[in-house]
2 protein chains.
Amino acid sequence: MLSAAARARFTVVLVGARNPANIGAAARALHDFGFSDLRVANDFAPPLEAAQLEAARSAVSAQHILASTRRFDTLSEAIADCTFIAGTTAIGERELTQPILPLQQAAPLMIAALNSAEQAPGEGEPAHRVALLFGSEKTGLTNDHLSHCSLLTTIPLFSPVHDRHLSMNLGQSVAVCLYELTRAGFEGSRDLPALHESPASEQDRERLTELLLQVMQSTGYTRRYPHNSNPAFVRRLVQQLGRTHREAMTWMGILRQAQWRETRESDGY
Amino acid sequence: MLSAAARARFTVVLVGARNPANIGAAARALHDFGFSDLRVANDFAPPLEAAQLEAARSAVSAQHILASTRRFDTLSEAIADCTFIAGTTAIGERELTQPILPLQQAAPLMIAALNSAEQAPGEGEPAHRVALLFGSEKTGLTNDHLSHCSLLTTIPLFSPVHDRHLSMNLGQSVAVCLYELTRAGFEGSRDLPALHESPASEQDRERLTELLLQVMQSTGYTRRYPHNSNPAFVRRLVQQLGRTHREAMTWMGILRQAQWRETRESDGY
């Protein structure tokens with residue numbers, strides 16, 4: 001699990017991003033997964049005001065991230081305070097001169113770096129600042145950009161032989177990477193919402209089985225379809241009735257009503 | 001690993017999607033992760049031409065997916081041939097009445113369903129068609145939509161206490177879900193039980209819902225317990241009836257028999 005302090009040491013750098021909608025989408029992904037430090041490295045002034053407008057439309061709550069997004073003229077300046085630099089790249093884009101890890105193998109290394117200061121408390125070990133770089137949709141990260149990286153990673157995509165299009169939409173890439181980074185933190189997590197209704201008990205199910213068998217009998221179903229009427233199969237059907245007590249009680253009511261009508265009619269009322 | 005055949009049995013349904021850019025982004029995510037069946041369920045004609053234009057700009061290679069994207073007037077029609085329906089939802093959107101699994105726990109269940117036909121080759125075992133539903137950005141999936149689902153899943157997001165904004169951008173959500181589906185394909189997902197009988201289809205379930213509503217009506221249950229008789233709640237009950245076609249057909253038989261007796265008696269035979 002990434003602590004708030006660890007999350008604060010994580011930086012996303014968009015290198016050469018030109019499309020304000022993509023900057024807004026990246027900001028929204030940071031917000032969604034609990035990060036906040038977004039930087040843009042460009043040799044021209046990026047249209048951040050347009051991005052803010054775009055984001056205002058689609059992600060009101062990411063505005064605080066865009067408001068504190070910093071622009072740098074070069075990648076070197078953007079990552080000057082970072083200690084661990086990871087770059088995202090599409091396989092097949094160019095001749096790679098560094099090893100490349102699929103995202104699910106790269107994420108634990110970034111998480112370990114983010115957590116390293118906390119794993120040795122009191123040791124005075126300096127905290128890592130981890131930067132994850134994303135290139136522009138058009139060109140990706142150049143070899144020069146990649147040369148800053150100690151780790152290269154890629155999102156495994158489906159690549160039929162004759163398909164050369166292997167890069168993802170920028171906002172989607174950022175979302176998938178941040179999902180993978182926080183995914184590990186949620187594994188085995190227990191704070192999922194509980195059902196708001198009480199579950200059906202085994203007793204509920206036994207009563208339902210008995211009643212359903214009676215209905216099947218009295219309506220003549222058992223006689224017509226004996227192979228579907230043995231108690232084990234009927235219990236298997238009832239297993240599926242009523243995950244919640246309310247649902248089980250509803251079935252009881254429906255079946256009782258059918259049974260009551262049936263008995264009443266048979267008795268000649 | 002999902003085979004090409006298994007991928008072909010996976011369907012993404014956008015329910016109430018209005019923004020053509022989002023439809024284009026979803027199509028691109030399908031393409032990136034090796035899926036192809038995209039459907040749109042709407043009560044109005046969605047601007048697919050606009051989506052195609054948008055996608056043409058940002059994702060040339062997803063055009064073949066948009067070209068074969070089908071539009072349906074209702075969700076029921078969109079998923080009529082699907083046997084396993086999963087719905088995405090944001091935690092906290094409403095009072096949940098069904099259990100909800102984080103994406104990483106839900107994905108293996110979808111993969112098991114997709115792979116079930118292939119786990120018993122030669123058995124003539126029919127294949128599941130799995131549908132994953134996404135609601136509109138504005139409203140998400142409604143309780144009525146969720147009542148069609150046998151599985152609810154959510155992308156775990158970062159949720160500080162006072163932040164009510166918990167929903168992701170639609171295109172990013174689709175990308176993250178498909179990433180998780182293909183990611184889990186690389187891990188051991190083989191130890192899940194396969195269905196040895198043909199699964200019940202959404203069409204089976206719709207017919208059961210209709211018949212059950214008739215039985216509830218004719219036996220007088222509806223009159224006595226109107227709060228348990230609304231179609232969304234009844235559909236939720238039927239969700240649990242008949243995981244397999246044989247089970248669904250058995251329920252049809254039981255209810256038909258009850259209905260037949262009821263009608264016969266009422267007609268004074």
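So you know, we letter chains A, B, ... as the sequences are listed, proteins then strands, and number each from 1. These numbers come from a predicted model, not from an experiment.
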Item to complete: Would you check if B:Glu180 and A:Arg183 make a side-chain contact, meaning some heavy-atom pair closer than 4.5 Å?
Response: yes

Discussion item. With a sphere of 6.0 Å drawn around CD of B:Glu210, does it hold more than 12 non-hydrogen atoms of other residues, nucleotides or ligands?
Written reply: no

Worksheet, complete the sentence: Most contact-rich option vs chain B, by heavy-atom pairs under 4.5 angstrom, among A:Val174, A:Leu103, A:Thr222, is A:Leu103

Worksheet item: B:Leu178 versus chain A, heavy atoms under 4.5 Å apart: side chain, backbone, both or neither?
Response: neither

Worksheet item: Could you give the distance from CD1 (A:Ile155) to CG (B:Asp32), rounded to the nearest 0.5 Å?
Response: 9.0 Å

Discussion item. Within the 4.5 Å heavy-atom criterion, are B:Tyr179 and A:Gln172 side-chain neighbours or not?
Written reply: no

